[in-house]
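For the single chain, residues carry numbers from 1 onward in sequence order.
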Amino acid sequence: MTIKQLTLHAFQEFANGNLEPLRPLLHENFVEHSPGNPSGRDAFLEFIAKAPVAGAKLDLHRVIADDTHVVVHYLMTTPEATQSVVDIWRFENNQIVEHWDVVQPA
């Protein structure tokens with residue numbers, strides 16, 4: 001499976017409320033670059049399970065991938081707001097080792 005396919009599968013599962021496909025995809029020492037979000041697989045999964053994105057409607061718009069990075073663009077809708085999100089994931093050996101994101105009102 002390519003890193004793009006791995007990301008799409010995990011995104012679709014997460015959008016359906018299932019966090020478990022993210023566990024093997026995230027490296028144990030995964031680095032999160034978004035201020036206020038924790039690094040490390042277990043800390044990040046615990047954080048994301050309680051974050052607004054976990055209960056949001058996610059509307060995928062595009063996925064761009066090369067050999068080491070996958071970029072995902074989607075709309076995230078919660079009862080409070082709709083935001084446009086771009087996630088950038090860096091992979092090593094089919095695991096995510098780094099993440100950056102950009103979030104803005106849609």
Measuring from atom CD1 of I3 to atom CZ of F91, what distance do you get when rounded to the nearest 0.5 angstrom? 5.5 Å
NZ-OG1 distance between K57 and T82, expressed to the nearest 0.5 angstrom: 8.5 Å
Should V63 and V71 be regarded as members of a common hydrophobic cluster, given that ILVMFWY residues are connected when their side-chain heavy atoms come within less than 4.5 Å of each other, either directly or indirectly? no
Residues passing the side-chain hydrogen bond (donor to acceptor under 3.5 Å, both in side chains) test with D59, sequence neighbours excluded, are none
With T2 via side-chain hydrogen bond (donor to acceptor under 3.5 Å, both in side chains) - residues at least two apart: Q5
Return the set of residues passing side-chain hydrogen bond (donor to acceptor under 3.5 Å, both in side chains) with Q95 (not counting sequence neighbours), or none when no residue passes. none
Can you give me every donor-acceptor pair (side chain of residues 14-28, partner residue at least two apart or in another chain, under 3.5 Å) with its distance?
{"unit_1": "N16", "atom_1": "ND2", "unit_2": "Q12", "atom_2": "O", "d": "3.1"}
{"unit_1": "N18", "atom_1": "OD1", "unit_2": "E20", "atom_2": "N", "d": "3.1"}
{"unit_1": "N18", "atom_1": "ND2", "unit_2": "E13", "atom_2": "OE1", "d": "3.0"}
{"unit_1": "E20", "atom_1": "OE1", "unit_2": "R23", "atom_2": "NE", "d": "3.3"}
{"unit_1": "R23", "atom_1": "NH1", "unit_2": "D42", "atom_2": "OD1", "d": "3.3"}
{"unit_1": "H27", "atom_1": "ND1", "unit_2": "N29", "atom_2": "N", "d": "2.9"}

NE2 on H69 to CG on D66, rounded to 0.5 Å: 6.5 Å
CD (E32) and CG (N37) are apart, to the nearest 0.5 Å, by 4.5 Å
Under the side-chain hydrogen bond (donor to acceptor under 3.5 Å, both in side chains) test, which residues partner S39, sequence neighbours left out? none
Pairs meeting criterion ring pair (Phe, Tyr, Trp, His ring centres under 6.0 Å) with involvement of residues 33-53, two or more places apart: F30-F44, H33-W100
D87 side, atom CG; T7 side, atom OG1 - distance, nearest 0.5 Å: 10.0 Å
